[in-house]
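Read through the structure below, which is laid out as structure tokens, and then see the notes.
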Amino acid sequence: MPSTDTQAPPSLPAPARATGPTTAHPAQLRLRAGLLPLLAEADLLDSPSGWGSTRTAAGAFRLEPVRLDRDLDLIARWMNDPEVAAYWDLAGPPSLTAAHLRAQIDGDGGSLPCLGLLDGTPVSYWEVYRADLDPLACHYPARPHDTGIHLLIGDGRNRGRGLGTTLLRAVANLVLDNRPRCTRVIAEPDIRNTPSVSAFLGSGFRWTGNIDLPGKRAALMVRERALRSLI
């Protein structure tokens, strides 16, 4: 068991004590100040792990970044649900889902996989990503800091009850509350997935047209910060 004694061993010299206040060289201060915008930009999504929870009609909701060691089995099980697999194309062994998740977790920070927790229970899977830095930006008139979202409701018993609409509104609000440079939340559900399209429309997104993406024809859905108080 590690010792709880906090005294340094007698053989080690005591740390040197400062004899007065230290002053950074002006060039060092300028360097630090110059790095601040770069450090802010390096966090491409403004740290979703720190966005906290929001109240919804279904309970307290929050996003929890995925941890492979903890969450892989659950997410892989959801991906093998036929209703989910029809649109995510990740049905198969857990290694397939793991590769999909790891590409984001080990990536440049432009996309973050998360669990959506209601009152502490995982009920949904989300991907929050920088749409303006994604290949999606080649298919629509992107603006700086556009934030995209993908989602699935994990348990079939929770589908068809309006939960998707509730959670989409909650996540869009979390994005707009915590990403001040973001003016729009973007989504591109498959046009065949009519329940998903309906959920987006019900949560304040508007349909702006259809776009052809690799593997699907999608409905481009947009939630505008400027219209937030009206919808």
Side-chain angles (χ1 to χ4, degrees), residues 45 48 54 56-59 61-64 66 71 74-92 96-97 100-101 104 111-118 121-131 134-137 139-140 142 146-176 182 184-225 227-228 231:
L45 288 167
T54 184
T56 76
F61 177 83
R62 67 183 175 89
L63 293 172
E64 175 73 22
V66 165
D71 305 322
L74 175 63
I75 298 172
R77 185 165 71 249
W78 288 347
M79 292 298 182
N80 278 278
D81 182 316
E83 291 185 30
V84 172
Y87 301 106
W88 283 80
D89 294 326
L90 287 173
L96 186 63
T97 298
H100 177 80
L101 297 171
Q104 297 173 80
S111 181
L112 184 69
C114 297
L115 288 178
L117 276 62
L118 264 180
T121 299
V123 297
S124 53
Y125 169 76
W126 299 79
E127 292 173 356
V128 182
Y129 67 99
R130 281 287 296 271
D134 188 83
L136 174 65
H139 300 272
Y140 83 104
D146 277 355
T147 304
I149 54 176
H150 299 139
L151 82 150
L152 66 87
I153 304 298
D155 189 333
R157 293 171 296 181
N158 287 323
R159 300 178 199 139
R161 299 169 47 194
L163 182 62
T165 300
T166 298
L167 299 188
L168 278 169
R169 185 177 291 275
V171 170
N173 286 339
L174 282 172
V175 170
L176 296 174
C182 170
R184 303 188 302 179
V185 184
I186 307 294
E188 22 80 18
D190 193 306
I191 61 171
R192 299 171 300 159
N193 192 348
T194 51
S196 180
V197 173
S198 296
F200 278 103
L201 291 172
S203 59
F205 286 76
R206 61 186 179 89
W207 174 80
T208 62
N210 294 334
I211 54 176
D212 291 311
L213 300 176
K216 71 177 181 182
R217 186 163 175 77
L220 182 65
M221 312 298 294
V222 178
R223 175 88 184 272
E224 298 269 5
R225 179 186 293 277
L227 301 177
R228 184 178 181 184
I231 50 181

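Scope of the values below: all heavy atoms of this structure, side chains included, with no hydrogens, waters or symmetry mates.
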TODO: Under the side chain to side chain contact (heavy atoms under 4.5 Å, CB included) rule, collect the residues that match up with Val197, sequence neighbours excluded.
DONE: Pro189, Leu201, Ala219

TODO: Go through Asp155 and Arg77 one step at a time and tell me if the salt bridge (Lys or Arg N to Asp or Glu O under 4.0 Å) criterion holds.
DONE: CA-CA 10 Å; Asp155 189 333; Arg77 185 165 71 249; over 6 Å; no

Task: Evaluation steps, side-chain contact (heavy atoms from CB on, under 4.5 Å), between Phe205 and Ile149 - done: CA-CA 12 Å; Phe205 286 76; Ile149 54 176; 3.9 Å; yes

Task: Stepwise side-chain contact (heavy atoms from CB on, under 4.5 Å) test for Glu188 and His139 - done: CA-CA 11 Å; Glu188 22 80 18; His139 300 272; over 6 Å; no

- [ ] Could you walk me through whether Thr54 and Leu174 pass the side-chain contact (heavy atoms from CB on, under 4.5 Å) test, one step at a time?
- [x] CA-CA 8 Å; Thr54 184; Leu174 282 172; 4.2 Å; yes

TODO: Looking only at non-hydrogen atoms, find the nearest pair between Leu101 and Pro113 and report the distance.
DONE: CD2-CB, 3.8 Å

Open item on the list: Using every non-hydrogen atom in the two residues, find where Ser124 and Leu167 come nearest and quote the distance to one decimal.
Closed with: OG-CD1, 3.9 Å

Open item on the list: Could you check whether Ser111 and Glu127, counting side-chain N and O atoms only, form a donor-acceptor pair closer than 3.5 Å?
Closed with: no

TODO: For residues Ile191 and Asn210, report the shortest heavy-atom separation together with the two atoms involved.
DONE: CG2-OD1, 3.6 Å

Task: N-O pairing of Arg217 and Asp212 below 4.0 Å - done: yes

- [ ] Test Arg206 against Arg223 for side-chain contact (heavy atoms from CB on, under 4.5 Å), laying out the working first.
- [x] CA-CA 6 Å; Arg206 61 186 179 89; Arg223 175 88 184 272; over 6 Å; no

Task: Minimum heavy-atom distance between Gly59 and Thr56, given as atom pair plus value - done: O-OG1, 2.7 Å

Task: Those residues that, when tested against His150, pass ring-ring contact (aromatic ring centres under 6.0 Å, His included) (two or more places apart) - done: Tyr129

Task: Stepwise side-chain hydrogen bond (donor to acceptor under 3.5 Å, both in side chains) check, Asp146 with Tyr140 - done: CA-CA 11 Å; Asp146 277 355; Tyr140 83 104; 2.7 Å; yes

- [ ] State whether Arg159 and Asp81 are salt-bridged, where the test is any N-O pair (Lys NZ or Arg NE/NH1/NH2 against Asp/Glu carboxylate O) under 4.0 Å.
- [x] yes

- [ ] Determine the minimum heavy-atom distance between Trp78 and Tyr125, stating which atoms define it.
- [x] CZ3-N, 3.8 Å

- [ ] Work out which heavy atom in Thr165 is nearest to a heavy atom in Ala199; give both atom names and the distance.
- [x] OG1-CA, 3.4 Å

